[in-house]
Amino acid sequence: MIILKDILYKVSIEAVKGSTDIAIEKIDFDSRKISDSDVFVAIRGSISDGHDFIEKAINQGAIAIVCDTFPEIIVSGITYVQVKDTNKAMAYMAANYFGNPSQNLKLVGITGTNGKTTIASLLYQLFKKAGFKVGLLSTVKILVDDKEYKATHTTPDSITINQYLKEMTDEGVEYCFMEVSSHGIHQKRTEGLHFVGGVFTNLSHDHLDYHPTFAEYRDVKKSFFDHLPKSAFALSNIDDKNGQIMLQNTNARKLTYALKSYANYKAQILENQLSGLLLKINENEVWVRLIGTFNAYNLLAIYGTAVELGLDHFEVLRLLSELESVSGRFQFIISDEKITVIVDYAHTPDALENVLKTITDIRTKNEQLITVVGCGGDRDKTKRPIMANIATTWSDKVIITSDNPRTENPDDIIAEMEKGVAPQNYKKTVSISDRKQAIKTACQLANPNDIILIAGKGHETYQEIQGIRYDFDDMKIVKELLIQLNK
């Protein structure tokens, strides 16, 4: 039996109407999922306000309401708990409800604009290879050791997080690696969780549709490190201009990694080829299967995290050499016609430039680089011309197309991207709103030994148009097209 007052531990309560000494079934913020003896938490979202659904929740059986403002009508027999921040309250309540599972395993959060998925996923892979039971909370998927669940958000809601962490502890999981998004931090989804470590990757232009300024976006990321306990470690990319800022006010043990600066964990790229990287990490050489400077940073963060979690550094180097790339992150195939096709999730200016620079570093310049790129609808519009400018600057040919247009007209998004194309690059740019046709055109334009980059969607297996998700997998489609064109 779970008592309401017990799950309110650490919640900042402003007022109570009714008794908190009552047995409850579960917590939820979706009024549609409320049933008898549940607690309904009224969350103010960007689209709807949970306070508008308090009456509905009560009608469906809720016996307790957590809100930031009492409703005008107080129903007899219902307990109302007024709090300052319902997001924060729900996070602590969820942790308490599931028995604070994050305290029973070693939870590491990875935050930054780019690299979160790769670092979290490869840490999972590395610790599995080391013989541990491991959990993963990522954009791509959720893993409870070997059991896989579909991911819907980069950082799930606090109830879902704690539910999975509870399952992990029940299964004997020792380590969990979790992507921590700016949305998740801002909406207090990570409150009440006990982290043993935090990793900062980098910060660049993204999510300015959600955060009004870049400074707020940066400060939200920083707040994650501000709340780490003294017992934790904070590992930051010191080559990024915001790397030092992340460490300014943290109580955690401050650690750094870098390719260009003095740091606790230092790496040097000795070789960079399509087959992999030869790295020198803290005076030891290691060959890895991943490609590019951005992956050198990712691998260095993984190395530092694994060592800080107690693994032997020579064993970590051996395991690094066995790691395989994450789905949709610089994933490539070479066709029978010797055309190299790379599929990458690059959906920010910085990520796209990193991928294109990596390709430039490993190409011979005797081949064409053809880039297919789009921008998502209902998201930060300011990056659209920047993305097109980067693509056309670094590529020989560019096809501007749709990504996930969502509720926007894809042609309008493409028109905004086209504004970033410099006059000297007009001739090498074409716009095709149908993404499959754009990929097909790239395949038709490619000659033997050419390189095609399909950017923006990576691991995603759908295209979202007017609220409907259609099956769409860049890698699957390009494989089919190459086979058809070779017949």
Side-chain angles (χ1 to χ4, degrees), residues 1-104 107 152-153 155-170 183-195 220 223 227 229:
M1 183 185 293
I2 297 173
I3 306 300
L4 177 59
K5 67 179 180 182
D6 293 337
I7 66 166
L8 291 171
Y9 176 62
K10 287 191 176 180
V11 174
S12 182
I13 299 171
E14 299 199 328
V16 176
K17 292 186 179 183
S19 173
T20 58
D21 195 17
I22 55 173
I24 60 105
E25 282 296 322
K26 68 177 192 306
I27 318 161
D28 216 307
F29 61 97
D30 187 340
S31 60
R32 295 167 297 184
K33 297 178 182 177
I34 293 292
S35 54
D36 290 347
S37 300
D38 288 350
V39 180
F40 175 64
V41 184
I43 302 290
R44 295 188 190 275
S46 56
I47 298 172
S48 62
D49 183 354
H51 291 76
D52 296 335
F53 299 94
I54 289 175
E55 184 180 350
K56 180 184 176 183
I58 293 171
N59 290 338
Q60 291 192 191
I63 58 168
I65 304 295
V66 176
C67 50
D68 59 35
T69 306
F70 284 135
E72 290 182 10
I73 300 171
I74 301 296
V75 179
S76 178
I78 303 297
T79 299
Y80 297 85
V81 180
Q82 185 183 4
V83 299
K84 189 173 182 179
D85 185 334
T86 52
N87 278 301
K88 191 172 182 178
M90 185 171 77
Y92 280 107
M93 290 169 70
N96 292 330
Y97 179 88
F98 288 102
N100 292 290
S102 63
Q103 295 180 6
N104 300 320
L107 178 64
T152 55
H153 295 82
T155 308
D157 65 80
S158 54
I159 296 172
T160 304
I161 291 170
N162 282 280
Q163 189 174 356
Y164 281 122
L165 290 176
K166 174 67 165 63
E167 186 178 339
M168 288 178 194
T169 59
D170 289 346
H183 291 67
I185 300 167
H186 188 255
Q187 294 171 13
K188 309 294 194 298
R189 298 180 211 163
T190 54
E191 291 281 344
L193 298 179
H194 179 74
F195 288 93
V220 166
S223 69
H227 289 91

Q: Shortest non-hydrogen contact from Gly50 to Ala42?
A: C-CB, 3.7 Å
Q: Any idea which heavy atoms bring Ala62 and Ile65 closest together, and the distance?
A: CB-CD1, 4.2 Å
Q: Testing the basics here: between Lys188 and Ala91, what is the closest heavy-atom pair and its distance to 0.1 Å?
A: O-CB, 3.3 Å
Q: Are any of the side-chain heavy atoms of Met93 and Leu8 separated by less than 4.5 Å?
A: yes
Q: Find the distance between OH (Tyr9) and CG (Asn96) and round it off to the nearest 0.5 Å.
A: 8.0 Å
Q: Rounded to the nearest 0.5 Å, how far does CD of Glu191 lie from CD1 of Ile161?
A: 11.0 Å
Q: To the closest 0.5 Å, what do you measure between CE (Met90) and CD1 (Ile7)?
A: 11.5 Å
Q: Between Ser31 and Phe40, does a side-chain contact (heavy atoms from CB on, under 4.5 Å) hold up when you go through it step by step?
A: CA-CA 7 Å; Ser31 60; Phe40 175 64; 3.9 Å; yes
Q: Using side-chain contact (heavy atoms from CB on, under 4.5 Å), reason through Arg189 and His183 one step at a time and then give a plain yes or no.
A: CA-CA 9 Å; Arg189 298 180 211 163; His183 291 67; 4.0 Å; yes
Q: Is Asp68 close to His51 at the side-chain level, that is, under 4.5 Å between some pair of heavy atoms?
A: yes
Q: My understanding is that only residues two or more places apart in sequence, or in another chain, count here; which of them pass salt bridge (charged side-chain N to carboxylate O under 4.0 Å, His left out) with Asp6?
A: none
Q: Mind checking what makes side chain to side chain contact (heavy atoms under 4.5 Å, CB included) contact with Asp52, not counting sequence neighbours?
A: Asp49
Q: Indicate yes or no: at least one non-hydrogen side-chain atom of Thr69 is less than 4.5 angstrom from one of Arg44.
A: yes
Q: Of all heavy-atom pairs between Ile34 and Val39, which one has the smallest distance, and what is that distance?
A: CD1-O, 3.8 Å
Q: When rounded to the nearest 0.5 angstrom, what distance separates CD in Glu25 from CE in Met1?
A: 9.5 Å
Q: Find out whether Tyr97 and Ile2 are in side-chain contact, i.e. whether some heavy atom of one side chain is under 4.5 Å from a heavy atom of the other.
A: yes
Q: Looking only at heavy atoms, what is the nearest atom pair of Thr79 and Ile22, with distance?
A: OG1-CD1, 3.6 Å
Q: Are any non-hydrogen side-chain atoms of Ile159 and Phe98 less than 4.5 angstrom apart?
A: yes
Q: Can you confirm whether Leu165 sits close enough to Leu193 that some side-chain heavy atom of one is under 4.5 Å from a side-chain heavy atom of the other?
A: yes
Q: Compare all side-chain heavy atoms of Asp28 with those of Asp38 and state whether any distance is below 4.5 angstrom.
A: no
Q: Using only atom types and a distance under 3.5 Å, with no angle test, would you say the side chain of Tyr80 pairs donor to acceptor with the backbone of Ala15?
A: no
Q: CD/Glu167 to CG/Asn162 distance, rounded to the nearest 0.5 angstrom?
A: 13.0 Å
Q: Please indicate whether Lys26 has more than 12 foreign heavy atoms, meaning atoms of other residues, nucleotides or ligands, lying under 6.0 Å from its NZ.
A: yes
Q: Can you tell me how far apart CD (Gln82) and SG (Cys67) are? Round to the nearest 0.5 Å.
A: 6.5 Å
Q: Would you say the side-chain atoms of Asn100 pair up with the backbone N or O of Gln103, donor to acceptor, closer than 3.5 Å?
A: no
Q: Taking only residues two or more places apart in sequence or in another chain, which ones pass salt bridge (charged side-chain N to carboxylate O under 4.0 Å, His left out) with Lys84?
A: none
Q: Does Glu55 CD have over 12 foreign heavy atoms under 6.0 Å away?
A: no
Q: Where is the tightest heavy-atom contact between Phe53 and Ser48, given as atom of each residue plus distance?
A: CE1-CB, 4.2 Å
Q: Could you tell me whether the side chain of Asp21 reaches within less than 4.5 Å of the side chain of Ile3, counting heavy atoms only?
A: yes
